[in-house]
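Within every chain, numbering begins at 1; the chains are lettered A, B, ... in the order of the sequence lines, protein sequences first and strands thereafter.
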Amino acid sequence: MIQNMTIFQLASGLTRHATDRQALVAENIANADTPGFKARDLVAFEDSFAAENALAMRGSRTGQISARSETVFTSPFGVESPNGNTVSLEAEMMRSSEIREQHDLALGVYQKSLQILRTSMGRK
Amino acid sequence: MSDLSSSMSTSASGMAAQAARLRLVSENIANADTPGFQRKVMSFEAVSDMFENGGRVQTGPVQLSSAERPQVFDPGHPMADENGYYQGSNVDLMIEIADAREAQRSYEANLKMFDQSRQMTSSILELLRR
């Protein structure tokens, strides 16, 4: 059976990660012309999930997946414009479509699991 | 959810800043032939408030460009001095057009981000409707 509803936790963790990342990308793009602004991004979900999982294995955490891992400063293609800004619009666009995919995936998994749960309870 | 709405307001602040920049560009272009006009420039600043408005962008103070204004020789001009010169404006149309194009690109990028945040919000709400 579905143990502890892990799949739902996973899906909501992935959704939250996508949401937080979207907030950062929006910040980066809004500040694409701000002198001295450094582009930021989140650690990839796999990595933060693996770290959380390792903690959970040791029993120091419950299986809760917290999405807000530390932010990392990125310098997309190693380009820094003369005014010290490291935002690259192209890289941000790439990132945002990744986020979109991630978000859709998480919501799809969530919905499907919910359907399966309903079916197993004998409802349509 | 709150993150998505904050990212929408961040994108909106970006659009407002780019719109302000575009307004300055059009002021400069409109006054490209005004004698003695100094080009207006403006810088962007990130809002460093960690609570509510963090990550937004705002426009800095408007400054007058200190680039040298050319002396134009036109003895028939009403503002010409005794040598037949008057002071032109330091607006370079090429620079203004490039600036306007850059503002447009950034505006579009912000708009795209806004749209994406909105779609993500509505797809979450879609889950609730079932």
Side-chain angles (χ1 to χ4, degrees), chain A residues 8 11-12 14-40 42 67-68 71 81 83-85 87-115 118 123-124, chain B residues 1-18 20-22 41-50 53-60 99 101-130:
Chain A
F8 290 112
S12 77
L14 188 57
T15 314
R16 218 172 310 137
H17 186 265
T19 311
D20 288 349
R21 216 168 153 217
Q22 169 75 9
L24 282 185
V25 169
E27 266 175 37
N28 290 345
I29 289 187
N31 286 293
D33 298 323
T34 307
F37 185 85
K38 301 277 178 272
R40 290 190 300 165
L42 281 182
R68 193 46 112 161
T71 55
S81 52
N83 63 10
N85 189 307
V87 180
S88 147
L89 279 187
E90 294 79 8
E92 299 301 328
M93 285 295 149
M94 281 288 295
R95 233 170 253 157
S96 80
S97 67
E98 266 173 40
I99 291 169
R100 187 66 196 273
E101 243 165 59
Q102 196 181 339
H103 194 253
D104 285 353
L105 171 72
L107 288 189
V109 166
Y110 194 93
Q111 208 172 345
K112 207 69 194 171
S113 313
L114 212 57
Q115 271 176 18
R118 282 204 184 120
R123 262 188 274 157
K124 277 184 191 168
Chain B
M1 185 65 192
S2 69
D3 252 337
L4 279 180
S5 60
S6 87
S7 65
M8 277 197 265
S9 73
T10 307
S11 300
S13 78
M15 285 192 274
Q18 299 297 341
R21 177 185 184 186
L22 202 57
V41 287
M42 168 169 82
S43 175
F44 291 155
E45 296 159 2
V47 182
S48 55
D49 175 6
M50 270 300 143
N53 302 322
R56 291 194 197 175
V57 63
Q58 64 185 4
T59 52
D99 213 23
R101 196 49 63 86
E102 198 186 4
Q104 186 191 2
R105 290 269 185 276
S106 297
Y107 192 94
E108 275 170 11
N110 276 300
L111 194 62
K112 210 166 143 75
M113 275 306 103
F114 187 90
D115 195 39
Q116 174 158 337
S117 305
R118 200 180 52 81
Q119 283 174 6
M120 282 166 74
T121 313
S122 64
S123 58
I124 285 188
L125 291 179
E126 190 72 17
L127 268 190
L128 286 178
R129 286 207 304 154
R130 294 176 185 250

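Between the CD atom of A:Glu27 and the OG atom of B:Ser6 there is a distance of 7.5 Å, given to the nearest 0.5 Å. To the nearest 0.5 Å, atom CD of residue B:Gln116 and atom CZ of residue A:Arg100 are 5.5 Å apart. Remark: B:Met120 CE to A:Ile99 CD1 distance equals 6.5 Å, nearest 0.5 Å. The CE atom of B:Met15 sits 11.0 Å away from the CD1 atom of A:Ile29 when rounded to the nearest 0.5 Å. Rounding to the nearest 0.5 Å places CD of B:Gln18 at 5.0 Å from CG of A:Asp33. Atom CD in A:Glu92 sits 8.0 Å away from atom CE in B:Met113 (nearest 0.5 Å).
In this structure, B:Ser123 and A:Leu107 approach most closely via the heavy-atom pair OG-CD1, 3.4 Å. Here the shortest heavy-atom pairing between B:Leu127 and A:Tyr110 reads CD1-CD2, 3.8 Å. Between B:Ala46 and A:Phe37, the shortest heavy-atom contact is CB-CD1, 4.0 Å.
Annotation for B:Glu108: atom CD counts as buried by contact number, over 12 foreign heavy atoms lying within 6.0 Å.
Note: B:Ala109 leads B:Ala103, B:Ala109, B:Ser11, B:Gly14 in heavy-atom pairs under 4.5 Å with chain A. When the candidates A:Gly36, A:Ser96, A:Ala32 are compared by the number of heavy-atom contacts under 4.5 Å with chain B, A:Ser96 comes out ahead.
In this structure, chain A has heavy atoms under 4.5 Å from both the backbone and the side chain of B:Ser117. Only the side chain of A:Leu89 comes within contact range of chain B, with at least one heavy atom under 4.5 Å from a heavy atom of that chain.
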key: Residue pair A:Gln22, B:Asp3: steps toward the side-chain contact (heavy atoms from CB on, under 4.5 Å) verdict   = CA-CA 8 Å; A:Gln22 169 75 9; B:Asp3 252 337; over 6 Å; no
